[in-house]
Each structure stands twice: as structure tokens, then as C-alpha cells.
Chemist: 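Please see the structure below; I have some questions.
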Amino acid sequence: MMNNTVGKIERIRGDLKQIVDGIPAKNKTAKNYGKDALSLIDIMIRRLSDE
């Protein structure tokens, strides 16, 4: 069950990364928020994987 959840979160992270990479560099605020969200998702994945 937990592996399924981690897999879903990893797919969401991949989708978000594509969106963040598509944001123009001049829009720094949106890009920074996107990077923060990716960092949070990475933490979630690590913690769920440890269980």
C-alpha cells in the first residue's frame, strides 16, 4: 500500500517538475515556489519510504 502511495507522489513530482521547468526564468517568484514545492514532495517521499 505504501509503495503505491510513494509511486503516485513520485509521478506528481515528475509532473510538477515539468511545469516548473516550463516557467520562464524571468518569473522568479513562481519558479521559487515551484522549487519549494518540489523540495517538500522530496521530503514526503523520503519519509514515506522510510516507513
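Not measured: the values here are computed from a predicted model.
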Chemist: Distance check, rounded to the nearest 0.5 Å: Ile9 atom CD1 versus Asn4 atom CG?
Modeler: 10.0 Å

Chemist: Using the side-chain contact (heavy atoms from CB on, under 4.5 Å) criterion, which residues pair with Ile19? Sequence neighbours excluded.
Modeler: none

Chemist: With hydrophobic residues grouped by side-chain heavy-atom distances under 4.5 Å, do Leu40 and Leu48 end up in a single group?
Modeler: yes

Chemist: Looking at residues at least two apart in the chain, or sitting in another chain, which of them share a side-chain contact (heavy atoms from CB on, under 4.5 Å) with Ala37?
Modeler: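 Partners of Ala37 under the side-chain contact (heavy atoms from CB on, under 4.5 Å) test: Leu16.
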
Chemist: Between CD1 of Ile45 and OG1 of Thr5, what distance do you get to the nearest 0.5 Å?
Modeler: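 Answer for the CD1-OG1 pair, Ile45 versus Thr5, is 11.5 Å.
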
Chemist: Taking only residues at least two apart or on different chains, which pairs with a member in residues 6-32 satisfy side-chain hydrogen bond (donor to acceptor under 3.5 Å, both in side chains)?
Modeler: Arg13-Asp42, Lys17-Asp21

Chemist: Looking only at heavy atoms, what is the nearest atom pair of Ser49 and Val6, with distance?
Modeler: OG-CG1, 3.9 Å

